Number of protein chains: 2
Amino acid sequence: MGRKRLQESADGRPTVHTVAARAGVSIASASRVLNGVGGSPETIRKVRAAAAEVGYVPNAIARSLQSQRTGLVALAVEDIGNPVYVEMMRAIESVVAASGRQLLVHATAGQVAKETALLRRLAHRYVDGMIVSPIRVTDDHLAALVDSPVPVVVVGQLGADAPVDNVRTDSRTGVGLAVDHLVAAGRRRIGFVNGPLDTVPGAARDAGFRTALAGHGIELDERLVEVGDFQYAAGRAAAERLLARARPDALVCANDLIAVGALHALLAAGRRVPEDVALVGMDDTELARMMFPQLSSVSLGSAERGRRAAELLLQRITDPALPPRREQVAPHLAVRASSAAPRPVLAPFRRADARTAEGALPLVPGQPDQEPTAPKPPAPRTPEVTA
Amino acid sequence: MGRKRLQESADGRPTVHTVAARAGVSIASASRVLNGVGGSPETIRKVRAAAAEVGYVPNAIARSLQSQRTGLVALAVEDIGNPVYVEMMRAIESVVAASGRQLLVHATAGQVAKETALLRRLAHRYVDGMIVSPIRVTDDHLAALVDSPVPVVVVGQLGADAPVDNVRTDSRTGVGLAVDHLVAAGRRRIGFVNGPLDTVPGAARDAGFRTALAGHGIELDERLVEVGDFQYAAGRAAAERLLARARPDALVCANDLIAVGALHALLAAGRRVPEDVALVGMDDTELARMMFPQLSSVSLGSAERGRRAAELLLQRITDPALPPRREQVAPHLAVRASSAAPRPVLAPFRRADARTAEGALPLVPGQPDQEPTAPKPPAPRTPEVTA
DNA sequence: CAGACTCCCGGAAACGTTTACAGCAATGAG
DNA sequence: CTCATTGCTGTAAACGTTTCCGGGAGTCTG
């Protein structure tokens with residue numbers, strides 16, 4: 001004869017069978033009581049007691065198999081050390097939590113393979129949906145996204161035709177805001193420290209920088225452009241390379257981590273910020289405000305993008321038939337001390353290293369930021385919680 | 001008659017039944033082929049083809065129900081915005097990934113209820129194990145940890161008797177290292193900006209600070225102690241309160257975020273760092289190196305703790321019968337520019353506010369750190385048990 | 001050529017839960 | 001007093017996979 005049907009799970013933990021047997025009722029009754037639907041007072045008492053005695057804890061996997069949902073939502077980002085993703089994550093979390101679900105985060109370290117694998121694994125029903133923010137988008141990627149078994153929302157640029165829910169910003173324009181601001185402040189030798197050009201944001205920002213300079217009739221000196229990756233150390237190294245061969249009077253950085261690296265490089269090289277070199281970062285993370293001087297930064301609305309992505313996802317989870325949607329969040333510039341001092345120039349700018357010191361404001365951090373300058377609050381969006 | 005047994009899942013996606021039917025084989029054969037075990041060449045061909053045609057993707061939930069494992073490991077931390085957790089996470093991730101599993105992160109925002117809920121939910125079998133790093137430990141908490149249905153490893157202090165795998169550091173001693181260093185550099189009016197005292201690390205660091213001062217025969221001026229929380233903004237505010245009522249010549253901060261806040265407060269108040277006030281943070285995160293001047297910081301070995309915790313967890317997953325283990329990682333101090341200038345004092349220190357400026361090194365960031373000075377405090381500090 | 005061995009296959013049971021359905025007792029109305 | 005209604009209950013069928021087991025065909029050995 002076969003192994004007698006036990007009432008415990010393989011590893012010895014109690015199951016609903018255990019509880020039912022102990023309470024002297026059927027598993028159906030036990031399950032009902034445990035879920036709080038139905039049951040006579042007496043049955044409820046017995047089942048509750050039995051469950052407590054054996055320390056019953058339901059197996060969520062089994063429950064999910066039956067109910068076809070897990071109550072979990074995943075977020076896959078490239079680098080969880082980048083504060084921009086932290087802000088995004090917080091925004092997503094609050095929306096997701098409000099729906100009674102739980103958010104799980106996975107860092108992909110920008111490896112396409114890893115990210116695709118995650119999709120192909122988690123998405124195999126471990127989660128009810130996921131939000132991914134890829135910085136490189138390959139065809140493989142796209143394919144995995146398009147026929148994902150669970151709803152997916154992408155934060156970031158994606159081919160216009162991709163039938164995937166998508167929340168993006170316009171970082172080309174964003175870079176333009178920074179350049180406009182610097183030009184208005186009299187800066188002309190504007191440098192750019194970017195991330196890898198084979199990433200979506202890297203390419204967009206490069207294009208934005210060139211377009212913006214051209215728009216002001218400034219010819220680009222290629223020695224003023226340097227590329228690293230989107231991290232602090234690489235940003236600093238890239239800025240050092242740039243400073244070794246050129247004398248910018250302003251630097252635009254492709255994100256705040258790079259900007260912090262550049263700030264360090266500048267100070268170490270004895271340049272004053274903003275008097276000698278004005279500095280503008282991107283993403284407008286908390287990090288920008290933590291620096292001294294506080295960094296001007298182009299906000300790409302990461303919290304807002306996160307919030308909207310989460311809402312899109314929840315909608316799609318409840319109604320998978322929805323057509324693919326695309327939303328856009330406008331960038332805006334937060335001017336702070338690192339670029340606030342107008343460069344006192346009288347005549348058409350000539351000598352790049354004719355720097356003056358006076359005229360620079362004695363900027364003290366702690367002053368309220370002169371918040372968003374540019375395309376003022378994009379829309380009457382619902383008030384956002386995050387900073 | 002009842003609904004005919006369909007070969008598709010409820011939501012219309014193909015199942016192994018679909019594939020088997022289409023390939024003209026049994027589900028057992030289909031499953032075998034899909035898992036790469038057995039199958040004749042012909043069968044393999046047919047099944048593969050069928051799977052590709054219908055776009056079959058296995059349901060991981062069902063698989064997990066059968067195999068009793070998910071291949072997922074969760075990490076629950078309080079604040080994912082704190083770089084110390086990012087470092088820990090990276091270390092854990094690399095160990096976990098090497099074992100073929102995937103790491104999921106959940107931020108609990110320090111809410112006990114949330115964390116316990118996570119435990120009670122994820123732990124109900126969604127993951128094969130989890131690492132949690134609670135900053136507040138309640139009885140509820142402890143109970144949830146002890147009888148978690150899946151293996152749990154705690155990073156942080158826990159009652160000595162708790163039968164839970166546990167990797168800790170000794171932050172009492174850690175604070176002592178900072179104080180020793182500052183005293184050796186001639187500082188006497190040493191302030192302390194701490195996190196909440198009702199947290200485990202907050203309490204431990206407070207005790208460490210008091211003990212260390214006493215060890216040097218320095219009487220503690222309570223005005224030099226201030227409390228916020230473990231974030232940047234609160235740290236800055238706390239430092240401002242402290243500076244408004246006292247004139248420290250050094251500040252120890254309970255973590256690097258607070259230290260950055262304090263740095264900001266100091267610079268805004270016109271104090272030079274390190275000439276006027278030496279500054280030491282804790283956790284030795286990347287953030288400390290990103291500041292200008294770079295911050296001295298007490299490393300609590302977060303990456304190492306993460307790595308060890310992950311190893312402990314993997315061991316326990318494979319062998320749940322292991323007795324509870326406890327490991328400890330020793331703190332050490334990284335001295336950098338923010339505290340490197342010895343305060344030039346000749347005679348036994350007298351007047352607390354008799355500060356001098358000369359003698360301070362013109363410290364340039366970017367110099368190699370004078371790495372770990374000493375797990376070498378004056379007295380062999382009590383190796384610390386619980387907090 | 002017979003027997004043993006190997007390989008592949010399909011049926012069916014399991015993983016632990018939820019839930020449709022039907023039976024049954026108690027209650028209320030007429 | 002009868003019948004319909006209500007409220008619980010238990011049986012059993014799902015959810016989609018993996019895997020044990022027995023049977024059949026083919027191959028090798030003696």
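Residue numbers start from 1 in every chain, and the chains themselves are labelled A, B, ... in the order their sequence lines are given, proteins ahead of strands. As the structure is a computational prediction, the values presented were derived from the model and not from experiment.
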May I have the distance from [X] (atom [atom1]) to [N] (atom [atom2]), rounded to whole angstrom?
X        : N      : atom1 : atom2 : answer
B/Gln68  : C/dA14 : CD    : P     : 14 Å
B/Glu42  : D/dG26 : CD    : P     : 15 Å
B/His17  : D/dT18 : NE2   : C1'   : 12 Å
A/Ile27  : C/dG16 : CD1   : P     : 12 Å
A/Ile44  : D/dG7  : CD1   : P     : 14 Å
B/Tyr126 : C/dT17 : OH    : C1'   : 11 Å
B/Arg13  : D/dC15 : CZ    : P     : 16 Å

_Residues in side-chain contact (heavy atoms from CB on, under 4.5 Å) contact with B/Thr199, at least two apart in sequence or another chain_ =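 B/Thr199: side-chain contact (heavy atoms from CB on, under 4.5 Å) contacts with B/Ile135, B/Arg136, B/Pro196, B/Pro201, B/Phe230.
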
*For C/dG16, does either OP1 or OP2 sit under 4.0 Å from a side-chain N or O belonging to A/Thr15?*
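Answer no for this pair, as no side-chain N or O of A/Thr15 is under 4.0 Å from OP1 or OP2.
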
*A/Ser64 and A/Tyr126: side-chain donor and acceptor closer than 3.5 Å?*
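No, no side-chain donor-acceptor contact under 3.5 Å.
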
*Establish, from distance only, whether the side-chain atoms of B/Ser99 and B/Arg101 form a donor-acceptor pair under 3.5 Å.*
yes

*At under 4.0 Å between heavy atoms, what does A/Ile61 touch on the DNA or RNA strands: base, sugar-phosphate, or nothing?*
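Nothing, no nucleic acid heavy atom in range.
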
_Which residue lies more 5' along DNA chain C, comparing B/Ala62 with B/Ala28 via nearest heavy atoms_ = B/Ala28

*Side-chain donor or acceptor of A/Ser133 paired with backbone N/O of A/Val155 under 3.5 Å*: yes

*asked:* Tell me whether B/Asp128 contacts the main-chain N or O of B/Val73 through its side chain, where contact means a donor paired with an acceptor under 3.5 Å.
replied: no

_Using the side chain to side chain donor-acceptor pair (under 3.5 Å) criterion, which residues pair with A/Gln66? Sequence neighbours excluded._
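With neighbours one apart ignored, the set is empty.
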
_Those residues that, when tested against A/Ser40, pass side chain to side chain donor-acceptor pair (under 3.5 Å) (two or more places apart)_ = A/Thr43

[X] side chain, from C-beta outward: closest of [options]:
X       : options                : answer
A/Leu65 : C/dC15, D/dA12, D/dC15 : D/dC15
B/Gln66 : C/dG11, D/dT17, C/dG16 : D/dT17
A/Asn59 : C/dG16, C/dG10, D/dG10 : C/dG16

*Heavy-atom count around A/Asp139 CG within 6.0 Å, excluding the residue itself: above 12?*
no

*Among residues 46-56 of chain A, which contact DNA chain C at a heavy-atom distance under 4.0 Å?*
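Here the set is A/Tyr56.
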
*Near-strand residues of residues 29-40 of chain B, defined as heavy-atom separation under 4.0 angstrom from DNA chain C*: B/Ser29, B/Arg32, B/Gly39, B/Ser40

*Only counting residues at least two apart or in another chain, list the ones meeting salt bridge (charged side-chain N to carboxylate O under 4.0 Å, His left out) with A/Arg168.*
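Listed in chain order: nothing, the list is empty.
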
